[in-house]
Amino acid sequence: MGLGCMGMSWAYGTTDEAEAMATLHEAIELGINFLDTAEVYGPFTNEELVGRAIRDRRDQVVLATKFGFKINEKGAIVGADSRPEHVREVAEASLKRLGTDHIDLLYQHRVDPKVPIEDTVGAMAELVRAGKVRHLGLSEASPSTLRRASAVHPITALQTEYSLFEREVEREILPACRELGIGFVPYSPLGRGLLTGRVPRAEELGEGDFRRNYPRFQGENFDRNQALVAAVGTLADRKGCTVGQIALAWLLHRGDDIVPIPGTKRRSYLRENAGAVDVVLTPEDMAWLEQQVPEGSAAGERYPAAAMRLIDR
């Protein structure tokens with residue numbers, strides 16, 4: 001299991017740098033050494049935070065970051081940009097912010113429809129040959145894009161949303177990864193907190209929390225999704241664990257090539273998430289979850305419409 005670092009600096013309301021640093025350090029101590037960040041988180045401030053946290057323990061972590069957006073001088077995302085020259089520029093900037101001479105896994109954050117994937121991966125491969133990057137990844141890429149990218153350079157991992165609430169990848173994307181020998185890294189494995197049963201509906205979330213605009217947290221969608229969480233809770237009660245731990249254990253039981261990266265900014269939730277590796281789900285448990293939360297049962301799109309348009313199809 002890895003650790004998603006985004007919420008420590010961005011997207012989910014208030015932040016606490018001291019607690020975030022402590023969470024990062026405890027994760028490494030627990031053996032959760034696969035850390036995921038991106039230039040856009042902040043933007044830029046999350047890479048800086050992670051860089052400070054690992055400064056004296058760089059050799060203990062597998063460090064992943066992402067590029068792929070055009071960010072203006074005000075810090076606003078103004079489109080995609082995976083031009084080869086931009087890839088080289090942002091990689092150098094990420095290395096500086098992270099305080100390291102190499103990135104273990106560099107992802108393209110979103111596929112740029114204006115730039116052939118062959119050109120982007122070609123530029124990323126140059127960074128591997130230069131020793132600045134060890135492995136390459138894509139995020140939210142379609143099977144056809146994965147195949148084209150893999151023809152240029154081996155792709156180590158695909159990072160795409162996957163959870164009990166979001167299972168579209170099972171149709172074509174996950175099979176394509178397995179065909180090509182690409183590891184799968186589910187982000188938002190807890191449905192952005194919905195699968196913990198602790199997150200309130202959209203209007204009750206704090207200012208600055210992106211989830212206020214997410215359909216699954218709004219109105220009747222939220223109520224329907226909470227009913228699904230309550231159903232999963234009956235299995236959690238039987239297992240003596242939390243709903244979130246069941247959701248993470250479900251992913252861990254989907255295959256050894258799947259490494260979820262639940263995000264948190266607090267040590268208490270980090271410990272809870274880590275405990276999911278000890279939750280054993282029997283084939284009967286997995287079948288029961290399939291019945292209670294079948295594919296497509298979550299209400300509402302996973303992103304607002306504008307963000308959905310950035311998904312490679």
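Heavy atoms only: backbone and side chains are in, while hydrogens, waters and symmetry mates are out. Keep in mind that what you see is a predicted model, and the values were worked out from it rather than measured. Count residues from 1 along the sequence.
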Lys/Arg N to Asp/Glu carboxylate O, Glu284 vs Arg238, below 4.0 Å: no
Any side-chain heavy atom of Asn33 sitting closer than 4.5 Å to one from Gln60? no
So do the side chains of His253 and Ile258 get within less than 4.5 Å of each other, counting heavy atoms only? no
d(Ile246 CD1, Leu164 CG) to nearest 0.5 Å is 9.5 Å
Are Val293 and Trp250 packed together at the side-chain level, in the sense that at least one heavy-atom pair is separated by less than 4.5 angstrom? no
Answer yes or no: does atom CZ of Arg134 have more than 12 heavy-atom neighbours from other residues, nucleotides or ligands under 6.0 Å? no
Centre of Tyr303's six-membered ring, under 6.0 Å away, within 45 degrees of the axis: is that where NZ or CZ of Arg192 sits? yes
Looking at Asp16 and Arg266, does any basic side-chain N land under 4.0 Å from a carboxylate oxygen? no
Report the relative orientation of the aromatic rings in Tyr162 and Phe184; use parallel for angles under 30°, tilted for 30 to 60°, perpendicular for over 60°. perpendicular
Quick one: do Arg267 and Glu19 make a salt bridge, cutoff under 4.0 Å? yes
Look at Glu168 together with Arg313 and state whether they make a salt bridge at an N to O cut-off of under 4.0 Å. yes
Would you give the length of the straight line joining atom CD1 of Ile182 to atom OG of Ser150, rounded to the nearest 0.5 angstrom? 3.5 Å
Checking Asp112 side chain against Ser82 main chain: does a donor-acceptor pair fall under 3.5 Å? yes
Quick one: side-chain contact (heavy atoms from CB on, under 4.5 Å) partners of Ala276, sequence neighbours excluded? Met1, Gln245, Leu248
So, Ser188 versus Glu166: side-chain donor-acceptor pair below 3.5 Å or not? no
